[in-house]
Amino acid sequence: MIPRSHPRYESLMMRKKIEDGVKKGIVHITGLIAHGRGEAFDYLIGEKTQPFADLAARAAARVLKNAKHAVISVNGNTAALVADGIVKLAEKCNADIEVNLFHRSEERIRKIISLLEENGAKNVLGMEGNARIEGLEHDRAICSREGIYSADVVFVPLEDGDRCEALKKMGKKVITVDLNPLSRTARKADITIVDNVTRAIPNIIKYCDEEWNEEWDNLRMLDEALNFICSRLKEIYSSGAL
Ligand code: ATP
Ligand code: MG
């Protein structure tokens, strides 16, 4: 048991969820590494939603709500961390959910679908694997014809850069959550929420009830995120806290 009073409570709870996810066969072993990279960037942004992420969540909510056919792509880490949030968001913006894994295995897809169903999801896509993301080789191209393949808007938290790029080339609007403002995924997506997926999803849900209509400049926002990280590091360094 992790005591609530522990200064790193939230962070340790997330680690526990990822660890349990690996044990249950929901998270792929390499998901531990991806989570570690995410943790490092979360540390740098202060482990809370910063204004650039808040605005991106609002922009994402608008695009998801106005989509003709939005699909939320779920991988092992996202399922282990926020299965309930994914289900709520899908309901809120009338999106389909598709389990789509970088390291595809039918057993893991089945387990993630069960977890989502335990959280109230219905008709989760992913098992059928009856279409391919164009321009990608190997199993990671496999997707659902009724899902990602035919969607106009795809929400892919914690996505790989290559797949993000391939989805863009297919003409889709891509929304992602990625704590690393330098990753290819972050730079290729139309809207990048530089925040932890556990905070980003409830935030998008909240914004689904708001009307908002402004242009979105993703690269400008990524610059802001990088500037924020740089000035925070300088501040900590010059305060003598290190
Ligand atoms: P790319 O292929 O886009 O250049 P990458 O190779 O840096 O990305 P991967 O290791 O493939 O990234 O995927 C993990 C990404 O997900 C990292 O950028 C990491 O910061 C991010 N990430 C990991 N855990 C979380 C989380 N809980 N919330 C948000 N982002 C996360
Ligand atoms: Mg990558």
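Whatever order the structure lists them in is the order used to number ligands and atoms, beginning at 1. What you see is a predicted model, and the numbers here were worked out from it, not measured in a lab.
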| said: I'd like to check which ligand 1 atoms, numbered from 1 as shown, lie under 4.0 Å from a non-hydrogen atom of Leu81. | reply: 27 (N)
| For atom 20 (O) of ligand 1, which candidate among Asp178, Val82, Ile201 provides the closest heavy atom? | Asp178
| Leu179 N/O to ligand 1 N/O under 3.5 Å | yes
| Has ligand 1 got any nitrogen or oxygen that is less than 3.5 angstrom from a nitrogen or oxygen of Val197? | yes
| task | Might you confirm whether atom NZ of Lys48 has over 12 heavy atoms from other residues, nucleotides or ligands at distances under 6.0 Å? | result | no
| Are Asp162 and Arg184 close enough for a salt bridge, meaning some N to O gap below 4.0 Å? | yes
| Just distances here: any N/O of His35 and N/O of ligand 1 closer than 3.5 Å? | no
| Those residues that, when tested against Asn196, pass side-chain hydrogen bond (donor to acceptor under 3.5 Å, both in side chains) (two or more places apart) | Asp42, Thr198
| said: Gly161 versus ligand 1: do any nitrogen or oxygen atoms come within less than 3.5 Å of each other? | reply: yes
| message | I need the Glu47 CD to Arg199 CZ distance, nearest 0.5 Å. | response | 7.0 Å
| field | Numbered atoms of ligand 1 (with element) below 4.0 Å of Thr185, judged on heavy atoms | value | 1 (P), 3 (O)
| Roughly how far, to the nearest 0.5 Å, is OG of Ser231 from CG of Leu226? | 10.5 Å
| request: Output all residues satisfying side-chain contact (heavy atoms from CB on, under 4.5 Å) with Ala56, sequence neighbours left out; order by chain, then residue number. | output: Ile191, Ile193, Trp216
| request: May I ask you to check whether Glu159 has an N/O atom sitting below 3.5 Å from an N/O atom of ligand 1? | output: no
| query | What is the distance from atom CE of Met127 to atom CZ of Arg110, rounded to the nearest 0.5 Å? | reply | 4.0 Å
| task | May I ask you to list the atoms of ligand 1 that are less than 4.0 angstrom from any heavy atom of Asp195? | result | 28 (N), 29 (C)
| request: Using a strict 4.0 Å cut-off to heavy atoms of Asp160, name the atoms of ligand 1 that fall inside it. | output: 2 (O)
